[in-house]
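Read the structure below first, then the notes.
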Amino acid sequence: MDPLGSVIVETGRCIFSFFFTSIATVIKLQHNTGRLRKEFEKLEDRKNGIEEDVRLAETEGKCATEQIEQEVQPMLEKADRLAVQGCGPCCNILPRYRLCRRMAKKQLEVQQLINSCCFDNVVTDKKSPVRAVEKQQGPSLAGQREAEEMIEKLMELLKGDENKRIAVWGMGGVGKTTLVRNLNNELESSSLMESIDIVIWITVSKDLDLKKVQSQIAKRLNLELDPNEVIEERAKMLLKRLMMKKFLLILDDVWEHIDLDIVGVPQTDDQANRKILLTTRSLDVCRAMMTDEEIKLDVLKQEAAWNLFAQNAGDVVEVPSINPLARAVAKECGGLPLALKTVGKSMRNKRRIELWKHALHHLQHSDPHVKNIEDEVYRRLKLSYDSLPSKILQSCFLFCSLYPEDYSIRTDELIQCWIADRLINEHQPLEDCFNDGIALIETLKDSCLLEQGDCAGTVKLHDVVRDVAIWISTKQGSEKPCASILFTNITKPPKQFSGFSELTVIILVGNPINKIHDNLFAGLRKLRVLNLSQSHIVTLPPSLSQLQELRALLLRDCCYLEKLPSLGALRKLLVMDLSGTRLRELPNGTSKLKKLQELHLFRTHHLETIEAGTISGLQSLELLDMSFSAYKWDTRCNVDYGKASFNEILTLDRLSIVKLRLDKVDSVTLDSAWLMKLREFNIQISPGSCDSNNLATQHDEKRAILRGVDLMGIKGLNGLLDTASALDLVICGGISALSELSISHRLSSLESVKSLSISKCDCITSLISGDNISGTILPNLEHLSLNRLENLGAILGGMVPRKGCLKWLKTIEVVDCKKLRALISFALLQQVKNLEQIKVKNCSKMKYIIGGEVSAEMIPKLRVIELSDLPMLKTICSRLPAWPALEMIEVRNCPMLTKLPFATSNGVAATLKEIRGELQWWNRLIYSNDEIKSSLQQRFQPLKPLR
């Protein structure tokens with residue numbers, strides 16, 4: 001074939017192939033259109049799924065990855081354009097051909113887009129949406145009134161903008177977690193959630209792990225944190241997320257300070273809608289976390305405790321023969337919910353009386369043989385003991401368990417014992433020892449291991465906490481020699497402590513022991529503390545002298561004790577307390593106690609003899625307490641009869657605290673220089689009387705008590721009155737106003753006196769009389785108490801200097817002053833700008849409390865007004881437009897008081913928290929308008945009638 005023919009043939013083939021392929025493509029158009037439509041529908045489904053994943057992630061606090069922005073979104077937009085272009089059939093072949101080619105190409109693109117792995121990484125770990133509140137599992141407190149009230153109180157605190165950090169604290173097992181769990185569960189339906197996006201519950205526990213805390217917060221937010229990332233980087237991610245939220249962060253079971261900045265929790269001052277609620281056993285943790293409000297959760301009261309115990313023990317507790325035993329068992333749990341539930345469950349539906357008696361016996365003897373009590377109660381409470389910051393504190397806690405169950409321990413006695421047992425450094429001044437002791441006590445109280453006793457100045461252990469302390473001591477006793485011993489309810493101690501040569505402490509407080517065997521103390525050469533207080537002993541055996549390591553001998557209120565053996569061998573003795581005994585003379589050898597720091601002879605009503613040289617021999621003595629002792633310190637008579645004189649006291653250079661009674665002062669030296677050196681004194685001048693019915697001395701207070709004294713005729717008071725910070729006048733005569741005392745004894749102004757109490761002085765007609773003073777008087781007085789002054793007509797009488805008198809007065813209390821018609825005259829009102837409290841009771845002629853036209857500037861600090869048994873009282877004062885500081889008014893049995901001193905509803909103090917009164921009195925009140933009535937009604941609390 002010629003070349004031209006070959007070219008023509010090849011060209012024909014190409015043309016045929018092109019047309020054949022194109023025709024095939026056009027023929028497949030309908031097929032391609034169907035396939036493309038199906039693939040595009042798949043793409044549309046995948047696109048919708050991706051959009052749903054992104055939307056869900058955003059509700060969970062997640063963000064789409066960068067791959068979405070950079071790759072997926074443009075592809076989705078391209079898919080949208082494909083949809084807009086459409087793929088309907090064309091009539092012309094060429095357009096159909098071109099369209100078919102494009103559709104085939106787009107089909108491949110769509111398939112590639114569907115198969116692209118970028119879809120797999122749009123949102124990882126898809127989870128359920130975050131709930132605002134996650135329910136916490138635990139027992140419900142519904143129907144428990146006290147718990148419901150506490151939850152309501154917490155709700156109110158959380159609503160307030162001023163409380164950003166709130167703590168619920170209390171001893172282990174008291175129900176802190178249960179309470180806050182119930183609070184958490186009630187939040188879901190609370191109006192509080194209108195201002196909170198999310199409640200985050202975190203369980204912290206004893207071994208603090210900040211990364212674990214971060215992880216719990218992140219999990220609650222559905223936020224992924226890299227476990228290998230450093231804590232600071234994790235904190236940045238948390239902070240960024242939490243700054244976008246209004247939250248309540250609940251930290252349960254906190255044992256130490258948590259630095260929330262390190263965790264990543266926002267700490268800005270304006271975080272009104274970012275609250276923190278924590279539970280802890282330690283008040284120190286509350287302080288470290290800088291909480292705004294601390295709520296102490298106490299044990300259950302008797303009825304609530306019984307109900308909880310019965311709920312766990314079952315109906316068997318109602319069986320008549322078992323009920324008394326069941327109630328006794330429940331009582332041994334001391335109202336502690338953890339113990340009530342544990343013991344209750346262990347006794348559930350047990351119907352044999354023997355089993356209940358068995359359980360009661362072991363509980364009464366601190367024996368952990370009741371089922372589960374060791375593991376579920378004792379070990380959990382021991383965590384508080386383990387968390388104490390020092391071995392010294394742990395030993396101090398265990399020492400408290402040596403006292404009887406439910407026994408209120410005097411704090412000063414406890415500190416004395418700790419010093420004697422070398423738990424406090426004895427080689428320092430007594431004041432420093434006392435301060436160390438108070439610090440230890442407060443730490444134990446803040447850790448809920450000690451609690452306030454039944455009266456001021458005492459502490460005690462909760463019954464279950466004491467059981468735990470004894471259990472700990474028993475466990476430790478297997479590892480080291482027993483160092484202390486406790487007896488309860490015994491009349492005869494053993495004849496000898498054989499095998500107890502390492503014994504350091506014996507406490508036999510409150511036992512009806514009447515005799516100690518002669519050899520009891522033999523061999524106890526390491527004994528440091530012997531406390532036989534409140535026992536019935538008459539004497540102690542000579543073997544007492546063998547206790548040469550003894551540092552504390554405590555025999556307080558051994559009311560039958562008449563004689564002691566010689567004490568000269570007890571040369572290491574630091575504290576001796578013989579208060580409330582029947583001793584007629586101090587024991588022989590007392591003068592040889594060269595290290596004795598404290599000698600207590602309080603209420604020794606039979607003490608007649610102290611040998612000359614005894615007191616002066618005690619050159620280490622820092623405290624001498626002879627309050628209400630019968631011993632007479634008359635200088636001249638004592639020297640003649642070989643007895644100790646008051647001058648011996650003056651030779652004690654280390655003496656810092658003196659408490660004693662004098663018949664008179666003309667024969668002793670009470671000069672200002674000596675009294676000024678003392679840190680504290682309580683000196684009573686009471687001829688022929690050692691009555692103890694007066695106020696106790698406060699710490700670091702210098703109190704002078706004049707009882708049955710002719711205040712005009714007595715001499716030698718100048719030094720006492722010049723230095724006393726507290727002055728009590730009881731049944732005294734000779735003056736009609738206290739200002740006369742200043743004149744008759746040539747005193748400047750009684751400027752040291754901060755507390756003044758006058759009672760049963762019928763000669764007093766006014767406190768200060770302007771007729772006989774020219775300068776100021778009582779310029780530093782802060783507390784004034786006037787009681788049973790039959791002829792008192794006014795506090796201020798005559799023209800009184802306008803400046804200086806009573807200017808620092810804070811509290812005034814008046815009781816049984818029958819002739820007093822007004823408490824504060826207009827003249828007195830000018831002086832008392834710092835007055836904070838007014839208390840008036842049983843003044844039959846009192847008509848008004850504050851006289852004259854009163855303005856807010858005159859009473860800027862008055863917080864409390866308490867009025868009772870004032871049958872003639874008609875008004876408190878003139879009505880004020882505003883009360884700057886008033887918090888509380890209490891009115892009882894004041895039938896003629898029908899108006900309260902508020903001029904307008906705006907005049908009701910913003911600080912006013914409550915008005916207490918009898919409901920009958922409240923219903924008789926007259927108001928200027930309904931707005932005042934409504935405003936006061938919100939603050940009214942009815943008082944229960946007195947029986």
Side-chain angles (χ1 to χ4, degrees), residues 412 457 578-580 599-608 610 615 623-635 637-638 644-650 652 655-672 674-735 738 741 745 747 750 752-761 764 783 785 787-788:
D412 57 347
L578 306 176
S579 301
L599 178 57
H600 297 267
L601 299 169
F602 174 78
R603 282 189 289 103
T604 48
H605 296 322
H606 302 274
L607 185 61
E608 298 174 350
I610 301 176
I615 300 299
L623 183 152
L624 175 62
D625 185 356
M626 295 188 67
S627 307
F628 319 114
S629 173
Y631 186 76
K632 299 182 184 299
W633 288 101
D634 185 282
T635 301
C637 292
N638 287 5
S645 69
F646 187 81
N647 289 337
E648 290 192 31
I649 297 177
L650 301 179
L652 302 176
L655 199 63
S656 62
I657 300 176
V658 174
K659 302 178 183 182
L660 50 82
R661 186 194 65 83
L662 301 171
D663 279 334
K664 49 188 177 180
V665 293
D666 56 354
S667 62
V668 299
T669 304
L670 288 175
D671 64 274
S672 298
W674 179 72
L675 291 167
M676 288 292 290
K677 285 170 56 180
L678 299 176
R679 176 165 57 88
E680 179 183 321
F681 67 71
N682 184 314
I683 297 177
Q684 180 177 180
I685 313 297
S686 55
S689 170
C690 52
D691 186 8
S692 59
N693 294 324
N694 74 289
L695 297 174
T697 309
Q698 303 300 312
H699 184 57
D700 282 350
E701 184 179 63
K702 298 182 177 182
R703 180 177 290 275
I705 305 161
L706 306 181
R707 186 182 185 91
V709 172
D710 181 351
L711 295 173
M712 188 63 73
I714 192 171
K715 305 297 182 184
L717 286 178
N718 292 32
L720 193 59
L721 296 178
D722 273 339
T723 55
S725 61
L727 177 60
D728 296 348
L729 305 179
V730 185
I731 321 176
C732 292
I735 59 173
L738 190 68
L741 187 64
H745 291 275
L747 302 172
L750 297 172
S752 296
V753 176
K754 294 184 177 181
S755 174
L756 174 63
S757 174
I758 306 176
S759 60
K760 303 178 186 178
C761 298
I764 297 289
H783 308 287
S785 175
N787 185 19
R788 296 181 65 180

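With sequence neighbours left out, Lys677 forms a side chain to side chain contact (heavy atoms under 4.5 Å, CB included) with no residue at all. For Asp412, the salt bridge (Lys or Arg N to Asp or Glu O under 4.0 Å) test picks out Arg410, with sequence neighbours left out. Checked against side chain to side chain donor-acceptor pair (under 3.5 Å), Asn787 has no partners two or more places apart in sequence or in another chain. Remark: Ser579 engages Arg556, Asp577, His600, Phe602 in a side chain to side chain contact (heavy atoms under 4.5 Å, CB included) (not counting sequence neighbours).
Counted by atom type alone, Ser725 and Ser752 present zero donor-acceptor pairs between their side chains at under 3.5 Å.
Among all heavy-atom pairs drawn from Arg661 and Phe628, the shortest one is CB-N, 4.3 Å.
For the pair Leu670/Phe646, a side-chain contact is recorded, criterion being any heavy-atom separation below 4.5 Å from C-beta on. Looking only at side-chain heavy atoms (C-beta outward), Leu599 and Asp625 stay at 4.5 Å or farther from each other.
Using a distance-only test at 3.5 Å, with no hydrogens or angles considered, a donor-acceptor pair links the side chain of Tyr631 to the main chain of Ala644.
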Test log, rule side chain to side chain contact (heavy atoms under 4.5 Å, CB included), inputs Val658 and Asn682: CA-CA 6 Å; Val658 174; Asn682 184 314; over 6 Å; no
Lys659 and Glu680: CA distance, side-chain angles, deciding distance, salt bridge (charged side-chain N to carboxylate O under 4.0 Å, His left out) verdict: CA-CA 8 Å; Lys659 302 178 183 182; Glu680 179 183 321; 3.6 Å; yes
Worked check of side chain to side chain contact (heavy atoms under 4.5 Å, CB included) between Ile649 and Leu624: CA-CA 9 Å; Ile649 297 177; Leu624 175 62; 3.9 Å; yes
Audit row: Met626, Trp633, side chain to side chain contact (heavy atoms under 4.5 Å, CB included) steps and yes/no: CA-CA 11 Å; Met626 295 188 67; Trp633 288 101; 3.2 Å; yes
Derivation of the side chain to side chain contact (heavy atoms under 4.5 Å, CB included) call for Leu607 and Leu601: CA-CA 9 Å; Leu607 185 61; Leu601 299 169; 4.2 Å; yes
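For the side-chain contact (heavy atoms from CB on, under 4.5 Å) test with Leu738, the passing option among Ile764, Leu711, Leu750 is Leu750; the others fail.
Note that CD1 of Ile683 is 5.5 Å distant from CG of Leu720, once rounded to the nearest 0.5 Å.
Classification of Lys632 and Glu608 as a salt-bridged pair fails, no side-chain N sitting under 4.0 Å from a carboxylate O.
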